[in-house]
Amino acid sequence: AVAEKLEFAETILRRRCLIFYIAGALTEASEEDKDRYIKTAELCETRGMLGYAPHLYGTDPKKYPDLTPEEIRNIDFLFGAVLPNMHINFLFPIAHGNAIEQGWAEVFHIPSIYLAPRMMRLSRLTRGMLNIYATILYDDMDGAYNELGICLNGLIPIIKKVGEEVVLDI
């Protein structure tokens, strides 16, 4: 499974597009929560960007129960810290994994877009991360997708292709 994910990573890099890591609860996530990641990946795709959601591409515990914790960590690290240009992080429901992924993003200077219900109280540590590009507080998912679409559209003019690499001129 790990070799398959490495091949997929090479395929993504050949596309030469902006890569988003879509972070959020997965292990105990409802199908409704997982649908958010599909819709977010589609919002990226319609703009020529790639939205990598782990449950779509490779580490969903229900789809891949035989992957070891170390394999999960290595695959998620590759797609969450090495490859992406940006993160889109659903902060609700709260999960250990996306908190770890947000830490990776900050350490590797990967800008993050946070999405959280308007009434959710975000900790000062979460709000103080140095790599926050935008925070979208929403009343419903339609509003969240609309705001995220506007945010993604705003990135299009600052995407630069430098040699074989795609970068954001932020």
Side-chain angles (χ1 to χ4, degrees), residues 8-9 12-13 15-60 76 78-161 166-170:
F8 182 62
I12 289 172
L13 289 174
R15 281 185 58 183
R16 295 189 67 222
C17 65
L18 197 64
I19 301 169
F20 285 87
Y21 184 83
I22 302 168
L26 190 55
T27 302
E28 297 297 324
S30 68
E31 290 306 311
E32 183 180 351
D33 287 335
K34 290 180 183 182
D35 286 345
R36 301 178 312 174
Y37 312 141
I38 294 169
K39 176 70 173 167
T40 300
E42 290 170 353
L43 284 172
C44 293
E45 194 67 34
T46 60
R47 290 160 175 82
M49 306 167 183
L50 177 87
Y52 176 92
H55 94 281
L56 292 174
Y57 295 111
T59 58
D60 185 321
D76 284 354
L78 173 64
F79 288 97
V82 177
L83 295 178
N85 303 96
M86 288 189 85
H87 274 213
I88 297 172
N89 197 330
F90 285 91
L91 300 179
F92 183 83
I94 296 170
H96 301 290
N98 66 321
I100 291 167
E101 293 157 352
Q102 179 54 31
W104 291 340
E106 184 186 47
V107 168
F108 287 92
H109 308 284
I110 301 167
S112 290
I113 300 169
Y114 284 174
L115 287 102
R118 186 173 312 282
M119 300 309 292
M120 182 179 182
R121 185 172 175 183
L122 299 175
S123 72
R124 290 178 291 175
L125 178 59
T126 301
R127 294 184 320 225
M129 298 297 279
L130 300 176
N131 62 323
I132 299 171
Y133 178 78
T135 300
I136 297 170
L137 301 175
Y138 58 86
D139 295 313
D140 58 45
M141 288 313 301
D142 287 337
Y145 299 137
N146 183 55
E147 290 298 317
L148 181 57
I150 292 167
C151 190
L152 294 175
N153 289 342
L155 294 171
I156 293 170
I158 61 173
I159 297 171
K160 307 282 186 218
K161 293 187 179 179
V166 176
V167 297
L168 283 171
D169 189 18
I170 297 178

The test is side-chain contact (heavy atoms from CB on, under 4.5 Å); show your working for Met49 and Leu43 and say whether it passes. CA-CA 8 Å; Met49 306 167 183; Leu43 284 172; over 6 Å; no
Evaluation steps, side-chain contact (heavy atoms from CB on, under 4.5 Å), between Thr40 and Phe20: CA-CA 10 Å; Thr40 300; Phe20 285 87; over 6 Å; no
Going through the distances and angles, do Asn85 and Ile110 end up as a side-chain contact (heavy atoms from CB on, under 4.5 Å)? CA-CA 6 Å; Asn85 303 96; Ile110 301 167; over 6 Å; no
Go through it in stages, so that I can follow the logic: the residues are Asn89 and Tyr21, the test is side-chain contact (heavy atoms from CB on, under 4.5 Å), and I'd like the CA-CA distance, side-chain angles, deciding distance and then a yes or no. CA-CA 8 Å; Asn89 197 330; Tyr21 184 83; over 6 Å; no
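Side-chain atoms of Glu147 and Tyr138 include no donor-acceptor pair closer than 3.5 Å. Defined by atom type and a distance below 3.5 Å, a donor-acceptor pair is present between the side-chain atoms of Asp76 and Thr59.
Note: Leu18 CG to Ile156 CD1 = 9.5 Å, rounded to the nearest 0.5 Å. Rounded to the nearest 0.5 Å, atoms CG (Leu50) and CZ (Arg16) are 15.0 Å apart. Expressed to the nearest 0.5 Å, how far CG of Leu168 lies from CD1 of Ile158 amounts to 5.0 Å. To the nearest 0.5 Å, atom CG of residue Asp35 and atom OG of residue Ser30 are 8.0 Å apart. For the atom pair CD1 of Ile113 and CD1 of Ile136, the computed distance is 6.0 Å after rounding to the nearest 0.5 Å. If you take CE on Met119 and CZ on Phe92, they are separated by 12.5 Å, rounding to the nearest 0.5 Å.
Between Lys34 and Leu26 there is a side-chain heavy-atom pair separated by less than 4.5 Å.
Nearest heavy-atom pair, Arg47 versus Leu152, reported as atom, atom and distance to 0.1 Å: CD-CB, 3.6 Å. In terms of heavy atoms, Asn98 sits closest to Gly24 at CB-N, 3.5 Å. Of all the heavy atoms in Pro117 and Leu137, the pair that sits closest is O-CD2, 4.3 Å. Looking at every heavy atom in both residues, Leu78 comes nearest to Ala9 through CD2-CB, 3.9 Å. What you find for Ala134 and Cys151 is that their closest heavy atoms are CB-SG, 4.0 Å. When all heavy atoms of Ala105 and Ser112 are compared, the closest pair comes out as CB-OG, 3.9 Å.
Relative orientation of the Tyr52 and Phe8 rings is tilted, given thresholds of 30° and 60° on the angle between their planes.
In this structure, Arg36 contributes its side chain and Asp33 its backbone to a donor-acceptor pair below 3.5 Å. Side-chain atoms of Asp169 never come within 3.5 Å of backbone atoms of Lys160 as a donor-acceptor pair (strictly under, hydrogens ignored). Of the possible polar contacts, one joining the Tyr37 side chain to the Ala25 backbone as a donor-acceptor pair under 3.5 Å is found.
For Ile94, the CD1 atom sits in a loose shell: 12 or fewer heavy atoms of surrounding residues, nucleotides or ligands are nearer than 6.0 Å. At most 12 heavy atoms of other shown residues, nucleotides or ligands fall within 6.0 angstrom of atom CZ in Arg121. When the shell of 6.0 Å around OH of Tyr133 is examined, it contains more than 12 heavy atoms from other residues, nucleotides or ligands.
Residue pairs satisfying the ring-ring contact (aromatic ring centres under 6.0 Å, His included) criterion with at least one member in residues 99-131, sequence neighbours excluded, are listed as follows: Phe77-Trp104, Phe77-Phe108.
The distance between the ring centers of Tyr57 and Phe79 does not fall below 6.0 angstrom.
Checked options Glu106, Met86, His87; the residue passing with Pro111 is Met86 (criterion: side chain to side chain contact (heavy atoms under 4.5 Å, CB included)).
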